[in-house]
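Notes follow the structure.
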Amino acid sequence: MQKRFTAIVPTPMEALSKHFQFSPAVRVGSHILVSGIIGVDPQGRLPADFRRQAENVLATLEAIVSEAGATMDDVVSLNSYHVGDLQSQLAQLAEVKAGRLGAPPYPIWTGVGVAQLAMPGALLEVSAVVQARD
C-alpha cells in the first residue's frame with residue numbers, strides 16, 4: 001500500500017534519518033510537518049549554550065522548509081521543548097525567532113519544559129507545521 005505522504009529529507013540529514021528511521025519532515029497535502037529538531041551545528045556538534053542551540057535549530061528548520069519548497073514565512077505552528085530555565089529560554093528563543101520568522105502574523109507557539117531530550121546536553125527541541133505554497 002502506498003503511503004499518503006511524501007518524506008522530505010535534506011541531504012545532510014540522510015544518515016541520521018536512516019539510522020533512526022524517521023523523516024525530518026513529511027508533506028501531507030498542503031501541509032509540511034517537521035519532526036523535532038535539536039540544536040546541533042552542520043558538523044553534528046552541540047553547543048553548550050542555549051542561544052547557539054536555538055540559532056542552530058532555526059537554521060536547520062529553515063533548511064528543511066526550503067527543501068520542501070517553502071519559506072520561514074510559511075511556518076504556521078511551532079512547538080518548543082526546553083530543558084533548564086524555561087522562562088529565560090522562552091525569552092531567548094523569542095529573540096532568535098524574531099530574526100528568522102519575520103513580521104506578523106506570527107505562527108502559533110507552544111513552549112514546554114521537559115526533563116530531558118534525546119541527545120545528552122540538548123536544551124531545546126522544536127517541531128513545526130508549515131503551510132506549503134502551491
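Between P10 and P24, the closest side-chain pair of non-hydrogen atoms falls below 4.5 Å. Residues V9 and K18 form no side-chain contact, since every pair of their non-hydrogen atoms from C-beta on lies 4.5 Å or further apart. I108 is not listed as a side-chain neighbour of L78, based on a closest heavy-atom distance of 4.5 Å or more. Side-chain contact between V126 and N79 is absent, with no heavy atoms from C-beta onward closer than 4.5 Å. Residues V75 and Q131 have side chains not in contact (no heavy-atom distance under 4.5 Å, counting atoms from C-beta outward). With a 4.5 Å cut-off on side-chain heavy atoms, L86 and V112 do not count as touching. A 4.5 Å side-chain heavy-atom check between L117 and Y81 finds at least one atom pair inside the cut-off.
Listed by chain and residue number, Q92 satisfy the side-chain hydrogen bond (donor to acceptor under 3.5 Å, both in side chains) test with S88 (two or more places apart in sequence, or in another chain). Residues that satisfy the side-chain contact (heavy atoms from CB on, under 4.5 Å) test with V34, not counting sequence neighbours, are A25, I32, I37, L61, I64, A128, V130.
Here the closest heavy-atom approach between residue S23 and residue A7 is recorded as OG-CB, 3.4 Å. In terms of heavy-atom proximity, M72 sits nearest to L58 at CE-O, 4.1 Å. Across all non-hydrogen atoms, the minimal contact from N56 to P47 is ND2-CG, 3.5 Å. Closest of all the heavy-atom pairs between A54 and L93 is CB-CD1, 4.0 Å.
Contacts classified as salt bridge (charged side-chain N to carboxylate O under 4.0 Å, His left out) and involving residues 72-86 (residues at least two apart or in different chains) are given here: D74-R133. The list of salt bridge (charged side-chain N to carboxylate O under 4.0 Å, His left out) pairs with a residue in residues 43-58, not counting sequence neighbours, reads D41-R45, R51-E95. Among residue pairs with one or both ends in residues 110-121, none qualify as salt bridge (charged side-chain N to carboxylate O under 4.0 Å, His left out); sequence neighbours excluded. Residue pairs satisfying the ring-ring contact (aromatic ring centres under 6.0 Å, His included) criterion with at least one member in residues 13-32, sequence neighbours excluded, are absent. For residues 36-66, every residue pair satisfying the ring-ring contact (aromatic ring centres under 6.0 Å, His included) rule, not counting sequence neighbours, is listed here: F50-H82. Pairs passing the salt bridge (charged side-chain N to carboxylate O under 4.0 Å, His left out) check and including a residue from residues 99-117, sequence neighbours excluded, read E62-R100. Screening residues 103-121 for side chain to side chain donor-acceptor pair (under 3.5 Å), with sequence neighbours left out, gives S80-W109. Within the structure, ring-ring contact (aromatic ring centres under 6.0 Å, His included) pairs that include any residue of residues 51-70 do not occur (at least two apart or interchain).
Chaining together hydrophobic side chains whose heavy atoms lie under 4.5 Å apart places V76 alongside F5, V26, V28, L33, V129.
Note that the CD1 atom of I38 and the CG atom of L124 stand 9.5 Å from one another [nearest 0.5 Å].
In the hydrophobic clustering of this structure, L101 groups with L90; members are Ile, Leu, Val, Met, Phe, Trp, Tyr whose side-chain heavy atoms approach within less than 4.5 Å, directly or through other members.
Atom CD of Q43 is surrounded by more than 12 heavy atoms from other residues, nucleotides or ligands within 6.0 Å.
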